[in-house]
Amino acid sequence: MSFKDKIMTAIKSLSVYKLRSFLSILGVFIGCSAITIIFSLGKGSHLNILYEMERIGASLLWVNTTQERARFRGFDEKDTNNLKKLSLKIKDASLETSLNNVLARHYKNEERFTVIGVEPSYQPILHLILIKGRFVSLYEEKEKSRVCVLEDSKMTRKMFGFSNPIGKEIEVSKERFRVIGIVEPKRGFGESIEGKVYIPYSTFLQIIAPFPSRLLYVQALSSSDLQKASLHIKRILGLRYKGISFEVLSLTETLRATQRLIRIATLVLGGIAGISLLVSGVGIANIMFTSVMERRFEIGLRKAIGAKISDILLQFLTEAVILSTSGGFLGCLF
């Protein structure tokens, strides 16, 4: 019997028990598709993290403290200047303070935004990409100007519709701000809040809320200088704020920890999916054993006309392979 004849014979034998063959293929299909999807999601998450690292910058550090407000009121411009002057491993630094759920109005259109007070250095450090206009300037920061930069979000589009927001005014905390720029949404690590309004840091403290920055962004000279820059930050801030501890976090370390968690989760879920695939294999073995018991007359007849044991074994093995490869191919394709 040729190989083609064996294949055709196996297919005809399986077609006799259509439902049983279908259920066997379905079990392998579910197992293979689950494994493929899980590992694809794991790989996709890994690549997405690498993309975010490149987008935000691998040399980014952020500094905060867990101290109570009574002990630590917040960072100021003197801290950013000290970091840039006293450390050769630090390229730039910027303050950030924010207030959520602030009502903004443009004529009759109202939306709630997150208002963020920033310095001009905030844009290059956080890699904010300008779509239109420009970012806050040093002059506007010193003069406490009423200017703002909007994030390209659904809130912004609802407020202005199809019109160009540049040069128009919005009302925030009963003060009018002139829109000078539009930036792409900041989808950094852990970013989930949509709808931001960036205004000068000094303007924020004067108009929005007197909340000094408790978060400091620092850009190291390169990713290889992160460790030394972190030590310099702690020393410089420690000299000014006695008895207060600071936490310096790097994007690289955080993303690496996340990657490890993703790998572990992928392996665990892949193992669970592998068990389902193993169960499907046991199911095929059970079906083939049942098939052998039901077809004893056929086996005896084939042996009587000269078939070898190896030929019979190969016939049942071909049927099992057809079931498993059909389910596996469809599962991976799905």
Side-chain angles (χ1 to χ4, degrees), residues 51-52 55-57 60-64 74-75 80 92-107 109-138 140-141 144-219 249 251 254:
Y51 168 75
E52 293 296 346
R55 190 175 187 273
I56 300 175
L60 178 66
L61 294 166
W62 59 92
V63 188
N64 56 28
F75 299 108
T80 57
D92 210 344
S94 179
L95 303 169
E96 178 195 276
T97 186
S98 62
L99 184 64
N100 297 329
N101 203 30
V102 178
L103 184 66
R105 182 183 292 107
H106 176 66
Y107 292 112
N109 299 325
E110 295 182 350
E111 293 293 335
R112 292 196 175 272
F113 291 84
T114 297
V115 181
I116 305 175
V118 298
E119 294 182 306
S121 57
Y122 185 87
Q123 184 208 354
I125 291 177
L126 272 293
H127 293 265
L128 291 181
I129 300 174
L130 278 167
I131 299 176
K132 295 178 181 178
R134 59 178 177 82
F135 203 70
V136 175
S137 67
L138 186 60
E140 290 163 340
E141 162 65 20
K144 302 177 183 178
S145 302
R146 272 61 166 174
V147 294
C148 68
V149 177
L150 299 178
E151 181 186 63
D152 184 26
S153 62
K154 61 182 179 182
M155 290 81 154
T156 302
R157 289 188 287 272
K158 283 182 181 178
M159 181 175 286
F160 291 96
F162 294 100
S163 62
N164 185 5
I166 303 298
K168 296 181 179 178
E169 292 185 342
I170 62 172
E171 185 178 316
V172 181
S173 293
K174 299 181 180 180
E175 291 285 343
R176 289 187 174 276
F177 286 80
R178 181 169 53 89
V179 180
I180 61 172
I182 303 292
V183 296
E184 287 188 1
K186 184 163 73 75
R187 292 289 179 263
F189 182 74
E191 280 289 331
S192 59
I193 300 174
E194 184 177 310
K196 303 183 185 72
V197 178
Y198 300 96
I199 66 174
Y201 181 79
S202 57
T203 309
F204 182 96
L205 296 182
Q206 185 183 56
I207 296 175
I208 306 300
F211 297 155
S213 173
R214 294 177 64 86
L215 179 63
L216 191 64
Y217 287 105
V218 178
Q219 184 181 19
L249 301 173
L251 185 68
T254 306

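Residue numbers count from 1 along this sequence. All values derive from a computational prediction rather than experimental measurement.
Interatomic distance, CZ of Phe204 versus NZ of Lys144, reported as 14.0 Å (0.5 Å rounding). Taken from CG in Leu215 to CG in Leu95, the straight-line distance is 9.0 Å, to the nearest 0.5 Å. Between the CG atom of Asn100 and the NZ atom of Lys196 there is a distance of 9.5 Å, given to the nearest 0.5 Å. One distance of note links CD of Gln219 with CG of Leu61; it measures 9.5 Å at 0.5 Å rounding.
Proximity of a side-chain donor or acceptor of Thr156 to a complementary backbone N or O of Glu151 within less than 3.5 Å is detected. The closest donor-acceptor contact from the side chain of Ser94 to the backbone of Ser121 lies at 3.5 Å or more, if one exists at all. Judged purely by atom type and a 3.5 angstrom limit, Gln206 has no side-chain atom pairing as donor or acceptor with the backbone of Thr203. Counting only distance, with no hydrogens or angles, the side chain of Thr97 and the backbone of Phe211 share a donor-acceptor pair below 3.5 Å. Checking side-chain atoms of Arg146 against main-chain N and O of Phe177 turns up no donor-acceptor pair under 3.5 Å.
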- Message: Please determine whether side-chain contact (heavy atoms from CB on, under 4.5 Å) holds for the pair Asn164 and Lys132, giving the CA-CA distance in whole Å, both sets of side-chain angles, and the decisive distance to 0.1 Å.
- Response: CA-CA 9 Å; Asn164 185 5; Lys132 295 178 181 178; 3.7 Å; yes
- Task: Decide side-chain contact (heavy atoms from CB on, under 4.5 Å) for Arg112 and Val102; before the verdict, give the C-alpha distance in whole Å, the side-chain angles of both, and the deciding distance to 0.1 Å.
- Result: CA-CA 5 Å; Arg112 292 196 175 272; Val102 178; over 6 Å; no
- Message: Go through it in stages, so that I can follow the logic: the residues are Tyr217 and Leu126, the test is side-chain contact (heavy atoms from CB on, under 4.5 Å), and I'd like the CA-CA distance, side-chain angles, deciding distance and then a yes or no.
- Response: CA-CA 8 Å; Tyr217 287 105; Leu126 272 293; 3.7 Å; yes
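In this structure, Phe160 and Val179 have side chains that are in contact, with non-hydrogen atoms separated by less than 4.5 Å. Side-chain contact between Leu150 and Met155 is absent, with no heavy-atom pair separated by less than 4.5 Å. For the pair Val147 and Ile199, the minimum side-chain heavy-atom distance is 4.5 Å or more. Residues Glu184 and Leu128 are not in side-chain contact: their nearest non-hydrogen atoms beyond the backbone lie 4.5 Å or more apart. In this structure, Met159 and Ile170 have side chains that are in contact, with non-hydrogen atoms separated by less than 4.5 Å. Between Ile129 and Val183, every side-chain heavy-atom pair lies at or beyond the 4.5 Å cut-off. Side-chain contact between Val197 and Ile116 is absent, with no heavy-atom pair separated by less than 4.5 Å. At least one side-chain heavy atom of Ile180 sits under 4.5 Å from a side-chain heavy atom of Glu140.
Shortest non-hydrogen contact noted between Ser145 and Pro200 is O-CG, 3.7 Å. The shortest heavy-atom contact between Pro165 and Ile182 is CG-CD1, 4.0 Å. Between Val118 and Tyr198, the closest heavy-atom pair is CG1-CD2, 4.0 Å. Heavy atoms only, all atoms of each residue included: Ser173 and Ile207 are closest at CB-CG2, 4.3 Å.
In the model, Glu141 has no side-chain atom that pairs as donor or acceptor with a side-chain atom of Tyr201 under 3.5 Å. Counting only N and O atoms by type, the side chains of Lys168 and Ser163 include a donor and acceptor under 3.5 Å apart.
For the pair Arg105 and Glu169, the salt-bridge criterion is not met [side-chain N within less than 4.0 Å of a carboxylate O]. Between Asp152 and Arg157, at least one side-chain nitrogen of the basic residue sits less than 4.0 Å from a carboxylate oxygen of the acidic one, meeting the salt-bridge criterion.
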